[in-house]
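The structure appears below as structure tokens.
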Amino acid sequence: MYLGRRRFLALGAGAGLAVAAGGVLTGCGQDEPVLRTGGTLVVGLPAFPAALNPAHGVSEETRWVSDPVVETLYAYRDDTTLEPVLAAADPQVSPDGLVWTIRLRAGVTYADGAPFDAQSVAACLTRLASSDTAGGWGPYLAGRIGKVTAADPLTVRIELPKPFGILRQFLANLPIPHASSLGDPQAVVGTGPFAVEEIVPGQSVRLRRNTEYRGPRPPLDAMEFRVAAPATTRVAELKAKRIGIDPRLSADQLKPLQRVKDMQAHAVSAPLDLVTALNMRRAPFDNIAVRRALAAGTARKPVRDVDFKGFAVIGQGPVGPATEGWDVAYAPYPEIVDGDRVRVLLGESGVTGPIDFTVLLSSDDGLRKPTETLARQWADFGLRARIDEVTPQVWQQRRRAGEFDLAMQIRRPAYAVGRTAFDILAPAASTHPDNTGYRNQELDRLLEEAWSVNEASRRAKLCRLANEILVRDAVMIPPVYPRFLTGQSRGVESLNEKQMALGRLALAELHLRG
């Protein structure tokens with residue numbers, strides 16, 4: 001997290017905390033929030049990251065821990081534009097889009113004193129260009145990057161096999177660890193304002209302030225990330241002020257937290273997807289009229305209002321409100337199901353009698369209640385859903401093998417793709433490995449152009465058109481777009497909700513409150 005743009009004043013009425021040391025109190029007046037310089041912020045983790053090294057994993061848990069330590073070439077400003085961090089300027093792109101040249105910031109060092117240079121960037125990107133070493137970045141970057149070289153110590157040259165205009169968005173999400181750490185999934189070595197002090201595998205990670213950081217001194221002395229599971233334990237820890245921030249609450253937990261005096265609750269639309277993958281390689285969803293009937297008969301309002309306690313937006317296609325290509329005026333589905341429309345579509349399907357199918361859920365996504373709500377509504381029209389909730393590993397195996405009818409999943413892709421629609425739309429392309437049987441040459445053309453263009457407005461238009469095609473053919477039918485739900489004690493400066501809308505926690509910028 002680049003601290004040159006961090007805030008020194010509170011953004012509102014308070015936030016969360018867990019304090020391990022005192023510090024200097026700051027404030028502009030009696031009515032102003034008082035911010036403390038120093039101390040330790042404790043963050044509750046729902047699980048210990050499988051990989052701490054952000055070159056290996058793109059999970060939220062990995063990035064919450066590593067972001068204060070390992071910086072990126074570019075970063076999202078609060079207004080969603082990009083700014084250079086480790087890069088010194090915008091990339092220079094050749095007219096054919098195949099060669100990107102990036103000038104790097106001079107005088108940057110890693111926390112261990114080693115210089116940050118073009119070789120550091122080349123080593124990282126080269127690793128992620130191969131499916132053998134790309135790890136969690138494989139679905140996004142493997143095969144998209146060709147040769148990466150250091151033209152000089154502060155200049156990186158990236159050659160691409162074909163135009164990939166959204167590479168800059170990926171470079172705003174890809175941290176650049178020290179080259180010597182790339183092979184170790186548990187190593188976290190970066191150029192950021194914090195450095196790793198202690199790792200207790202499976203339990204906690206403690207970061208200390210990097211005294212050699214080139215930018216302004218971060219407000220906190222230290223941060224500790226501590227596993228607190230199950231979620232009920234984290235809420236109790238939060239209320240007892242043993243943790244300052246719980247970055248992943250459920251709707252059931254956030255609602256009562258709003259009424260607790262010393263707590264603050266955040267519910268922000270962010271790149272957070274409720275993915276619905278329909279298997280179009282077999283009955284019943286090889287029939288477009290059946291898919292359209294299912295989409296029209298989806299109980300969106302009850303899922304939003306009851307299951308997500310209002311902390312969601314009605315689903316209108318795969319592209320959600322925090323994703324590039326969102327069209328607020330596009331509303332193909334009403335809030336209340338039109339039963340007559342569903343019955344007409346079922347009549348067009350040519351299928352007589354009940355239609356049976358299975359909904360495959362992963363046990364760690366918390367989707368059983370909303371799926372039961374959907375199943376009750378679908379059953380009114382003879383669309384009979386059986387819920388099959390399995391472990392995440394089994395879910396992945398069956399999804400890859402095509403052993404499902406409708407597979408539902410919560411995806412949190414912001415730390416890989418940012419605001420782009422790449423994660424949610426790319427699987428609809430006929431050549432994508434996660435394609436579920438949908439074939440549409442026009443969609444393939446739109447997506448290929450969307451990922452190749454540099455111009456954000458053009459890319460957004462292409463994604464809007466792709467979204468409308470997928471709605472028309474009922475390929476992806478999320479009932480709602482869940483919001484990013486986070487709780488914190490008011491002993492910590494309020495989280496930056498504009499960064500939350502980008503899927504991020506700007507933890508390195510926070511002060512404790514005195």
Side-chain angles (χ1 to χ4, degrees), residues 71-77 79-106 108 116-131 134 137-176 319 323-325 416-423 425-426 428-432 441-467 469:
E71 295 177 303
T72 54
L73 293 173
Y74 301 93
Y76 278 100
R77 299 184 181 96
D79 66 359
T80 75
T81 60
L82 297 177
E83 65 178 343
V85 179
L86 293 175
D90 291 344
Q92 298 298 309
V93 184
S94 64
D96 62 4
L98 296 179
V99 179
W100 289 48
T101 304
I102 301 174
R103 188 70 180 167
L104 304 180
R105 187 182 296 271
V108 178
F116 166 80
D117 56 19
Q119 291 289 356
S120 307
V121 180
C124 184
L125 291 180
T126 298
R127 179 182 180 86
L128 302 188
S130 168
S131 58
W137 289 93
Y140 308 108
L141 293 179
R144 293 278 184 176
I145 297 174
K147 187 177 181 181
V148 187
T149 55
D152 63 49
L154 291 178
T155 305
V156 178
R157 176 185 168 92
I158 305 170
E159 300 176 27
L160 306 179
K162 61 182 179 180
F164 193 43
I166 59 172
L167 177 60
R168 190 176 178 214
Q169 278 69 24
F170 279 101
L171 296 178
N173 293 288
L174 172 63
I176 309 295
V319 173
T323 301
E324 206 170 51
V417 302
R419 294 184 65 249
T420 72
F422 186 87
D423 185 83
L425 294 183
S430 60
T431 57
H432 196 279
Q441 291 183 348
E442 175 64 10
L443 182 81
D444 288 349
R445 185 192 66 77
L446 286 171
L447 294 183
E448 190 64 26
E449 185 179 354
W451 313 144
S452 69
V453 299
N454 290 310
E455 184 187 354
S457 60
R458 174 63 179 163
R459 185 167 58 250
K461 181 179 179 180
L462 293 165
C463 290
R464 283 196 296 272
L465 292 172
N467 185 68
I469 290 173

So [Y] and [X], do their side chains get closer than 4.5 Å, heavy atoms only?
X	Y	answer
F422	C463	no
R419	Y76	yes
L104	V156	yes
T155	T101	yes
K162	R144	yes
L86	V121	no
D423	Y140	yes

Quick one: does any side-chain atom of [X] pair with a main-chain N or O of [Y] as donor and acceptor, under 3.5 Å?
X	Y	value
T126	A122	yes
T420	V417	yes
D444	S430	yes
R157	T149	no
R105	V85	yes
R464	G325	no

Looking only at non-hydrogen atoms, find the nearest pair between [X] and [Y] and report the distance.
X	Y	result
A142	S130	CB-C, 4.1 Å
A450	I166	O-CG2, 4.2 Å
A421	E324	CB-O, 3.7 Å
R77	L82	NH1-O, 2.8 Å

- Message: Around atom CD of E159, are there more than 12 heavy atoms from other residues, nucleotides or ligands closer than 6.0 Å?
- Response: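 For E159, atom CD is crowded (more than 12 foreign heavy atoms under 6.0 Å).
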- Task: Could you tell me whether Q441 atom CD has more than 12 heavy atoms of other residues or ligands within 6.0 Å of it?
- Result: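 No.
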- Query: Going by the angle between their ring planes, with limits at 30° and 60°, are F164 and F170 parallel, tilted or perpendicular?
  - Reply: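 Parallel: the ring planes of F164 and F170 meet at under 30°.
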- Please say whether the positively charged group of R168, taken as NZ for Lys or CZ for Arg, lies over the ring of Y74, i.e. under 6.0 angstrom from the six-membered ring centre and within 45 degrees of the axis.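 Pair R168/Y74 counts as cation-pi.
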- Query: Do NZ/NE/NH1/NH2 and the carboxylate oxygens of E448 and R445 come within less than 4.0 Å?
  - Reply: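 Looking at E448 and R445, the cut-off is not met.
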